[in-house]
Visitor: 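Please see the structure below; I have some questions.
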Amino acid sequence: MKRTIGICMVLLFLIVLGIWSIQKYRSYQFNAQSVEGKISMKDFEGSYKIVYFGYMSCPDVCPSTLFILGEALKILNRDDIVVLFVTLDPERDKLPALDDYAKYFYTNSYGLWFEPNILEKIISHYGVSSQKIPLQNSALQYSIAHSSSLYIFDKQGFLLQEFNNLATLQEDLETFFANHQG
């Protein structure tokens with residue numbers, strides 16, 4: 001009897017874990033606008049995906065993050081990694097300039113754009129913090145304060161890890177990819 005209860009408990013745990021995994025997978029999926037038209041995470045199956053949220057007129061965090069990430073990926077020298085740069089400023093960041101901006105830092109990148117109401121849902125699923133800050137007496141008119149995590153997905157689209165320390169990004173990526181062959 002105890003053995004039957006134990007087996008049932010293990011099966012129940014595995015079912016709940018499977019459901020949670022599928023829900024987690026679905027929460028990160030999206031359909032975005034790119035220079036190539038509508039694309040989704042599924043369009044990049046077979047590649048690791050690194051998703052970063054930022055905006056083109058960001059004065060420091062975004063260009064620094066994208067530069068450090070691009071340099072780290074060049075050193076890794078892999079052809080199975082794609083960077084997906086999601087704009088937090090759909091009002092100003094337009095395609096194809098957004099795509100050119102992303103590719104400037106790493107050639108296998110895509111600039112992604114969402115309608116503002118869809119963007120709010122996406123950043124909520126990812127847990128991205130973002131706030132529009134008015135800038136008086138500035139040509140920019142506003143800035144966007146935001147979190148700066150990098151989200152790494154496997155080749156099937158499952159979130160594997162979140163990085164947010166640029167000081168150790170190169171080493172972190174080397175360790176990550178050494179442990180995730182294939």
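Note that the coordinates shown come from a computational prediction; the quantities given were computed from them, not determined experimentally.
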Visitor: With no hydrogens and no angle check, just 3.5 Å: does a side-chain donor-acceptor pair link D93 and Y101?
Guide: no
Visitor: Report yes or no: is the cationic atom of K103 (NZ for Lys, CZ for Arg) closer than 6.0 Å to the six-membered ring centre of Y110, at no more than 45° off its axis?
Guide: yes
Visitor: Any chance you could measure K155, atom NZ, to D80, atom CG, to the nearest 0.5 Å?
Guide: 4.0 Å
Visitor: Between K132 and E91, does at least one N-O distance fall below 4.0 Å, as a salt bridge requires?
Guide: yes
Visitor: With rounding to the nearest 0.5 angstrom, report the CG to OG distance, D43 to S34.
Guide: 8.5 Å
Visitor: M41 and Q29: which non-hydrogen atoms are nearest, and at how many Å?
Guide: CB-OE1, 3.2 Å
Visitor: With a 6.0 Å cut-off on ring centres, are Y48 and F44 close enough?
Guide: no
Visitor: Mind checking whether V82 and I75 sit in one hydrophobic cluster, side chains of I, L, V, M, F, W, Y counted as touching below 4.5 Å?
Guide: no
Visitor: In Å and rounded to the nearest 0.5 Å, what is the CD1 to CD distance from I50 to E162?
Guide: 13.0 Å
Visitor: Determine, step by step, whether L160 and F153 satisfy the side-chain contact (heavy atoms from CB on, under 4.5 Å) criterion, reporting the C-alpha distance in whole Å, the side-chain angles of both residues, the deciding distance to 0.1 Å, and the verdict.
Guide: CA-CA 5 Å; L160 296 177; F153 293 82; over 6 Å; no
Visitor: If only atom types and distance count, is the side chain of K42 paired as donor or acceptor with the main-chain N or O of I39 below 3.5 Å?
Guide: no
Visitor: Would you say D99's side chain and L95's backbone share a donor-acceptor pair under 3.5 angstrom?
Guide: no
Visitor: Could you walk me through whether L150 and N164 pass the side-chain contact (heavy atoms from CB on, under 4.5 Å) test, one step at a time?
Guide: CA-CA 6 Å; L150 297 163; N164 51 27; over 6 Å; no
Visitor: Might you work through the ring pair (Phe, Tyr, Trp, His ring centres under 6.0 Å) test for F30 and H125, ending with a clear yes or no?
Guide: CA-CA 10 Å; F30 55 73; H125 287 299; over 10 Å; no
Visitor: What pair of heavy atoms forms the shortest contact from S130 to I123, and how long is it?
Guide: CB-CD1, 4.0 Å
Visitor: Between S124 (side chain) and E120 (backbone), is there a donor-acceptor pair under 3.5 Å?
Guide: no
Visitor: Would you name the heavy atoms of F114 and A32 that are closest together and state the gap between them?
Guide: CZ-CB, 3.4 Å
Visitor: Please report the closest heavy-atom contact between L112 and L98, naming both atoms and the distance.
Guide: O-CD2, 3.3 Å
Visitor: Same cluster for I144 and L135 if Ile/Leu/Val/Met/Phe/Trp/Tyr side chains link at under 4.5 Å?
Guide: no
Visitor: Give a yes or no on whether the backbone of L140 and the side-chain of S138 come within a donor-acceptor separation of less than 3.5 Å.
Guide: yes
Visitor: Is a side-chain donor or acceptor of Y28 paired with a backbone partner of L159 at a separation under 3.5 angstrom?
Guide: no
Visitor: For the aromatic rings, using the six-membered ring if either is Trp, is the centroid distance between Y126 and F53 under 6.0 Å?
Guide: yes
Visitor: Can you tell me if T87 uses its side chain to pair, donor with acceptor, with the backbone of D89 under 3.5 Å?
Guide: yes
Visitor: Testing the 3.5 Å rule here: is there a donor-acceptor pair between the side chains of T168 and D172?
Guide: yes
Visitor: As an exercise, state the distance from OG of S149 to CD of Q161, rounded to the nearest 0.5 Å.
Guide: 11.5 Å
Visitor: Checking the side chain of W113 only, and the main-chain atoms of P90 only, is there a donor and an acceptor separated by less than 3.5 Å?
Guide: yes
Visitor: Please verify the inter-ring angle class for Y52 with F85; under 30° counts as parallel, over 60° as perpendicular, anything in between as tilted.
Guide: parallel
Visitor: Minimum heavy-atom separation for N165 to A167, with atom names?
Guide: OD1-N, 3.0 Å
Visitor: With rounding to the nearest 0.5 Å, note down the distance linking NE2 in H146 to CD1 in I133.
Guide: 11.0 Å
Visitor: Any chance you could measure C62, atom SG, to F105, atom CZ, to the nearest 0.5 Å?
Guide: 9.0 Å
Visitor: Please confirm whether the backbone N or O of V83 pairs with a side-chain atom of N108, one donor and one acceptor, at under 3.5 Å?
Guide: no
Visitor: Should M56 and R92 count as side-chain neighbours, where that means a heavy-atom distance under 4.5 Å?
Guide: no
Visitor: If we check side-chain contact (heavy atoms from CB on, under 4.5 Å) with I81, which of these qualifies: L73, L173, I152?
Guide: L73
Visitor: Between N77 (side chain only) and K74 (backbone N and O only), is there a donor and an acceptor less than 3.5 Å apart?
Guide: no
Visitor: Tell me the closest heavy-atom pair linking G111 and A102, and the distance in Å.
Guide: N-CB, 4.0 Å
Visitor: Is the count of non-hydrogen atoms from other residues, nucleotides or ligands lying under 6.0 Å from F67 atom CZ greater than 12?
Guide: no
Visitor: side-chain contact (heavy atoms from CB on, under 4.5 Å) for T65 and L166? Distances and angles first, verdict last.
Guide: CA-CA 7 Å; T65 300; L166 291 179; 3.4 Å; yes
